[in-house]
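Protein chains get the first letters and strands the later ones, always in sequence-line order, with residue 1 at the start of each.
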Amino acid sequence: MSSFIIETPKEFSFHQCLHFLNRSPNELLHLTQGEQVQKIIRVHDKTILFSIETDLQNQLVVSVLNQRTTATLQQAICSYVTDWFDLKTDLKPFYAFASNDPILKSLVKKYAGYRIVGMPDLFEALSWAIIGQQINLSFAYRLKQQFVQSFGEKFSWKERTYYHFPAAELVAGLNPASLLALQFSRQKAEYVIATAKAFASGVISKEQLSLLSFPEAKERLIKLKGIGNWTANYVLMKTFHYPNAFPLEDAGLHQAIRRQLNLSAKPTLQQIEQLFKKYKGWEAYATLYLWRSLSE
DNA sequence: CGCCAGGTTAGAG
DNA sequence: CTCTAACATGGC
């Protein structure tokens, strides 16, 4: 086993991100163990298992557990991790104005260093968003767990089992019935399979979408059946890291705003649009910190 | 039992 | 264009 370091910005807290990674006991796509996380990814068709923890300088220490490390492999893992924890975003400007915002002020202080834990895999992000539509999170995690367990590739290492997210090519060939058996609704089953087909046939890809502008990419996503404004913005935030993407229709966001402003009812979409005018350019992070406030 | 959950679609008005 | 029913099932 060999380790290497990934430098992080000052405004980064691995501990805060771990809180997110620990959200559900049903998560199979990574494993947490104390202040450490383990995950498998594919690099050049090989499965790489690595762990991440922090050192005293707040840098990330990455250990590759199942391979001899090469410079190329380190490079690949480094880009993955940088993407995963959104390390390229400079949060200083966000913190500068958030510290003066009545709602965000206390949140950015309490959760300083918390970053968007992204989903580099677009098919995974879309599928997960579809799975999570209109149901509570714990049920959503259970649906994902069954989906990953049933159709994701397994990797075992030292008595532990790790999973890849199911491949679009495989999901594209499934019948809705096989997802209904996992408690998907007919609608969700159809949406996920249709999305998989779009990937498998090359109608959509992360590479292609990354060439488009924010509004163009959103428009393109919404053309897919089952992808509405909420889902499109969700993946633009989690996969493409657009700082101005945020899921306006999100029930959790509504709840968070309601609590923070002490409203007697959920805010209307107009009220939220009005509120978010103040957060222009930082809507994704404003949303992230509001979401975080829900787990108090 | 009722209401809400990290929504979206198709169809009506 | 806006409004609404239907979707399906769990959490509380």
Side-chain angles (χ1 to χ4, degrees), chain A residues 17 19-27 29 107 111 114-119 122 124-148 165 175-198 204 218-242 245-260 263-273 275-276 279 283-296:
Chain A
C17 294
H19 178 274
F20 174 84
L21 294 171
N22 265 321
R23 253 190 341 168
S24 172
N26 297 321
E27 179 61 72
L29 298 177
L107 302 180
Y111 311 121
Y114 185 33
R115 281 171 186 261
I116 291 171
V117 177
M119 286 197 180
L122 179 59
E124 176 190 332
L126 284 169
S127 306
W128 169 230
I130 291 167
I131 287 170
Q133 287 170 2
Q134 184 55 23
I135 57 174
N136 63 69
L137 261 185
S138 76
F139 183 42
Y141 269 109
R142 227 170 55 240
L143 289 182
K144 179 169 98 163
Q145 177 186 37
Q146 314 208 71
F147 183 57
V148 170
F165 194 77
N175 293 116
S178 49
L179 295 184
L180 292 178
L182 307 183
Q183 288 184 288
F184 281 52
S185 65
R186 176 156 297 281
Q187 224 177 21
K188 276 189 211 302
E190 282 166 8
Y191 294 165
V192 169
I193 292 170
T195 302
K197 283 180 175 161
I204 203 165
K218 192 192 298 196
E219 198 181 338
R220 183 74 198 76
L221 283 165
I222 289 177
K223 275 187 189 154
L224 296 172
K225 197 160 188 168
I227 314 295
N229 193 61
W230 177 87
T231 309
N233 276 294
Y234 181 85
V235 306
L236 288 165
M237 170 182 177
K238 299 277 282 188
T239 302
F240 294 100
H241 300 291
Y242 281 105
F246 80 107
L248 173 66
E249 301 85 351
D250 186 82
L253 178 61
H254 302 175
Q255 192 61 253
I257 292 170
R258 179 181 170 177
R259 281 201 215 171
Q260 293 302 314
L263 304 174
S264 52
K266 284 193 316 186
T268 64
L269 294 182
Q270 286 76 19
Q271 281 177 292
I272 298 163
E273 277 171 339
L275 173 68
F276 267 70
Y279 304 151
E283 290 91 337
Y285 268 91
T287 300
L288 183 78
Y289 280 80
L290 280 161
W291 273 339
R292 183 67 177 79
S293 72
L294 289 169
S295 49
E296 279 305 291

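Applying the side chain to side chain contact (heavy atoms under 4.5 Å, CB included) test to Gln270(A) and every residue at least two apart in sequence or in another chain returns Thr268(A). Ser264(A) is linked by a side chain to side chain contact (heavy atoms under 4.5 Å, CB included) to nothing, counting only residues two or more places apart in sequence or in another chain. Residues satisfying the salt bridge (charged side-chain N to carboxylate O under 4.0 Å, His left out) test with Lys144(A), not counting sequence neighbours, are Glu27(A). Checked against salt bridge (charged side-chain N to carboxylate O under 4.0 Å, His left out), Glu249(A) has no partners two or more places apart in sequence or in another chain. Shown here are the side chain to side chain contact (heavy atoms under 4.5 Å, CB included) partners of Lys266(A), two or more places apart in sequence or in another chain: His254(A), Arg258(A). Looking at residues two or more places apart in sequence or on another chain, you find a side chain to side chain contact (heavy atoms under 4.5 Å, CB included) between Leu294(A) and Gln255(A), Ala256(A), Arg259(A), Trp291(A). By the ring pair (Phe, Tyr, Trp, His ring centres under 6.0 Å) test, Phe276(A) pairs with Phe246(A), Tyr279(A), sequence neighbours left out.
Between the CG atom of Asn233(A) and the P atom of dG7(B) there is a distance of 13 Å, rounded to whole Å. The CZ atom of Arg186(A) sits 15 Å away from the P atom of dA10(B) (whole-angstrom rounding). With rounding to whole Å, Leu253(A) atom CG is found 18 Å from dC4(B) atom P. At whole-Å resolution of the value, NZ in Lys188(A) and P in dT8(B) are 10 Å apart.
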key: Pair pattern of DNA chain B in dot-bracket, where unpaired bases get dots and | marks partners in another strand, Watson-Crick or G-U under 3.5 angstrom   = .||||.|||||||
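Contacts between residues 218-232 of chain A and DNA chain C, defined by a heavy-atom separation below 4.0 Å, involve no residue at all. Of the residues in residues 131-142 of chain A, those lying under 4.0 Å from DNA chain B by heavy-atom distance are Gly132(A), Gln133(A), Gln134(A), Ile135(A), Asn136(A), Leu137(A). Shown for residues 285-296 of chain A: no residue has heavy atoms falling under 4.0 angstrom of DNA chain C.
Of the two residues near DNA chain B, Ala129(A) and Tyr191(A), the one whose nearest nucleotide lies more 5' is Ala129(A).
Side-chain contact check for Gln183(A) versus Arg142(A): some heavy-atom pair is nearer than 4.5 Å. Annotation: side chain of Thr231(A) is not in contact with side chain of Leu221(A) (no heavy-atom distance under 4.5 Å). In this structure the side chain of Leu137(A) never reaches within 4.5 angstrom of the side chain of Ser24(A), judged on heavy atoms. Using a 4.5 Å heavy-atom cutoff, the side chains of Ile257(A) and Gln271(A) are not in contact. In this structure the side chain of Lys218(A) reaches within 4.5 angstrom of the side chain of Asn229(A), judged on heavy atoms. Side-chain contact between Arg292(A) and His19(A): present, with at least one pair of heavy atoms (C-beta onward) separated by less than 4.5 Å. At least one side-chain heavy atom of Ile193(A) sits less than 4.5 Å from a side-chain heavy atom of Lys197(A). Using a 4.5 Å heavy-atom cutoff, the side chains of Tyr191(A) and Leu126(A) are not in contact.
To the nearest whole angstrom, the two C1' atoms, one in dG11(C) and one in dT8(B), are 22 Å apart.
Under the 30°/60° scheme for interplanar angles, the aromatic rings of Phe147(A) and Phe165(A) are found to stand perpendicular.
Within the 4.0 angstrom heavy-atom criterion, no nucleotide atom of any strand lies near Lys238(A). Residue Gln183(A) is classed as a sugar-phosphate contact, given heavy-atom separations below 4.0 Å to backbone atoms only.
Think of the region where chain A sits on DNA chain C: with heavy atoms and a 4.0 Å cut, that region ends 5' and 3' at dC7(C) to dG11(C).
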